[in-house]
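The structure appears right after this line, and notes come after that.
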Amino acid sequence: MIKAILIFNNHGKPRLIRFYQYFAEDMQQQIIRETFHLVSKRDDNVCNFLEGGSLIGGSDYKLIYRHYATLYFVFCVDSSESELGILDLIQVFVETLDKCFENVCELDLIFHMDKVHYILQEVVMGGMVLETNMNEIVAQVEVQNRMEKSELCNQN
Amino acid sequence: MECVRMIASPRYSEKRVGYLGAMMLLDEKQDASLLITNSIKNDLSNSNQYIQSLALCTLACMGSAEMCRDLAPEIDRLLRASNSYIKKKAALCAVHIVRKVHDLGELFTKAARSLLTEKNHGVVHGAVVLITELCERNSETLERFRKTVPDLVQIMKGLVISGYSPDHDVAGISDPFLQVRILRLLRILGRNNEAASDAMNDLLAQVATNTDSTKTVGNAVLYETVLTVLDIKSESGLRVLAVNILGRFLLNNDRNIRYIAMTSLQKIVGTDHNAVQRHRGTIVDCLKDQDASVKRRALELSLALVSASNIRSMMKELLSFLSSCPPELRSQTASGIFNAAERYAPSQRWHIDTILHVLTTAGGDVRDETVPNLIQLITNTSELHCYTVHKLYRALLSDISQQPLVQVACWCIGEYGDLLLTGECQETEPVQVTEDYVLDVLETVLQSHMSSPSTRGFALTATMKLSTRITENVDRIRSIVSIYGSCIDVELQQRRSPLWRIYCFSLDFKLKLILDQSNKLT
């Protein structure tokens, strides 16, 4: 099970936070800070798996991260998920974002946070991987966006 | 409350934002979440599939036990719906429900079985996850699902052999995520069961040989295959193949691959010890890797691989690792070295040498019981007393900051100080000391700001013990010890008083006997 998905930039500012297990708000902030601290110390050519600190879920969890330009994508998972599989999932997620936003950059995440959440909802649900086919995800997201647009048009 | 209002609105855009807000802000412990149960129930029966999916998503993320109980029949109905988009979401929602309320697993078994025959990969994926969850929770369900092994094998074959399918292709492998999930389920079904394992053998061999390992995705599938092979009752040829694949992974340049190879070798080192021993050289090399995660894995694996035949060479590697390893791994390394030394030490002297080496390098990170254990060990090796006390004296001269080392050294000097003063030793070059030098050293320890209270206690006791073993500087001992009569530290005072009283009365042979008895209590 995926416990949390965090995206933050090189300075530690969180751009997207999604927890699939309940944590109090100050705990959440602490987790984000500690994760950034652990991940930012890493070189670019070391392996992408970290056995992290002691905050989330005791000793069973790992941090699997990927660094793209200015953003860190961190998935916090427990031992039931395949590490290499999650690495691929991060890749699929980023490619989907790229397709939906056309050359996605950090500003897109800041200004269209709700859209990013909707896309994430199609990929991971309740901490479990839902869909991994990029075309399928993009198609679903587009239909939903069209529905929303048509409603707004009808209203006007 | 805004979220609740928005969720109840008939318009899609408002519902969407409302559900998103609910997922992020509410959690199952808050009462407001109960208010949306009714909305979710209505939305699950809505004709628009996207509204249904929003409801399913929210339920899967933050559904509490009561909500799950209420809505489980609805989910079951949706599992049989005709829409594959809804079916896959319903499957994952069912997983969440089963996690929250274990008894409801029974409700979903039938539907899960039929979902396996679907064409849509997303649905099959969801079904496999659901079945995995059901089997993990309940062993009866596990028995029932063993019958699905042939179906699963069929699906896997289809994925592996089929040609290029643009929909699900990731770098040349057809839907690797689904392959990995099915392999995991096969692992659970085949564990401890001969019949199921037999059915899978051919398939696993095929996957292991046909999958392309130049890309990460191929490696992910191979890795999962290896784990499955090692966990079920597979035939020995297949096991050898699996360990060889892991060996290949270890030599891979990509650190990620090396990391996971070591993780899986760790799991099988208990059962297939010899096979893993073959790769010992590579693993020990990984200790020198710059990456902290790889180092950690290599350390755990190296400690597991130590055996009577390779103890000397392994210990050399481990000791050099200890001097250069990152601080967070130090105490683990030290305790690992101690355990290994205790089990496989080829000689007593080697054992003592090793422990002393660890204490000098990483004395601050060893556990508390090391000191009494070491004292016990030294007491039991009577032929090495002379050697030990000389070595410890030298160590004390060079460095008094490592507390465990200082404590053991003080105890030794107190106990075997006479051996030190004779100036002879067979095993090592003896130091030429007088009683003054020895007392100097002990006094330095007593007065140093680096010594902890327990270290001071050791030094004080040692000083008093020496009073029976040396003849000339008795007055000096008396003056050192009397300072601590009014010492702030109660423990030191306590130590000093009874022995001091005995000391004052008589200094003959009977006294030595009493002091020797009290040593056993220290």
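In what follows, every chain begins at residue 1, and chains take the letters A, B, ... in the order their sequences are listed. As a basis for the values below, the full set of heavy atoms in this structure was taken, side chains included, without hydrogen atoms, waters or symmetry mates.
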Which heavy atom of B/Cys93 sits nearest a heavy atom of A/Met125, and at what distance?
N-CE, 3.7 Å
Rounded to the nearest 0.5 Å, what separates atom CZ in B/Arg16 from atom NZ in A/Lys115?
8.0 Å
B/Lys88 NZ to A/Glu122 CD distance, which is reported to the nearest 0.5 Å
7.0 Å
Between CG of A/Asn133 and CZ of B/Phe177, what distance do you get to the nearest 0.5 Å?
10.0 Å
If every non-hydrogen atom of B/Ala220 is compared with every non-hydrogen atom of A/Gly85, which pair is closest and at what distance?
CB-N, 4.4 Å
Roughly how far, to the nearest 0.5 Å, is OH of B/Tyr50 from CG of A/Asn145?
10.5 Å
Nearest non-hydrogen partners of B/Leu20 and A/Tyr118, listed with the distance
CD2-CE2, 4.0 Å
Considering only heavy atoms and a distance below 4.5 Å, find which of B/Arg296, B/Glu224, B/Arg181 pairs most often with chain A.
B/Arg181
Can you name the nearest heavy-atom pair linking A/Phe49 to B/Ile260, along with the distance?
CE1-CG2, 3.9 Å
Which bit of B/Leu227 is near chain A, if near means a heavy-atom gap under 4.5 Å: side chain, backbone, both or neither?
neither
Heavy-atom contact with chain A under 4.5 Å, split by part of B/Val221:
neither
Compare all side-chain heavy atoms of B/Glu133 with those of A/Met128 and state whether any distance is below 4.5 angstrom.
no
Out of A/Glu25, A/Gln91, A/Glu81, A/Met1, return the one with the most heavy atom pairs under 4.5 angstrom to chain B.
A/Glu81
Could you tell me which of B/Gln49, B/Arg258, B/His125 has the largest number of non-hydrogen atom pairs under 4.5 Å with chain A?
B/His125
At what distance, to the nearest 0.5 angstrom, does CD of B/Gln179 lie from OG of A/Ser82?
12.0 Å
Distance (rounded to the nearest 0.5 Å) between A/Leu87 CG and B/Asn219 CG
11.5 Å
At a heavy-atom separation under 4.5 Å, does B/Leu92 approach chain A through its side chain, its backbone, both, or neither?
both
Set out, in order, the CA-CA distance, both residues' side-chain angles and the distance that settles side chain to side chain contact (heavy atoms under 4.5 Å, CB included) for A/Arg18 and B/Cys61, then state yes or no.
CA-CA 10 Å; A/Arg18 194 64 204 262; B/Cys61 284; 3.5 Å; yes
Of the listed residues (A/Glu83, A/Glu136, A/Gln121, A/Lys149), which shares the most heavy-atom pairs with chain B below a 4.5 Å separation?
A/Gln121
Against chain A, label B/Tyr85 side chain, backbone, both or neither, depending on which of its atoms sit under 4.5 Å from a heavy atom there.
side chain
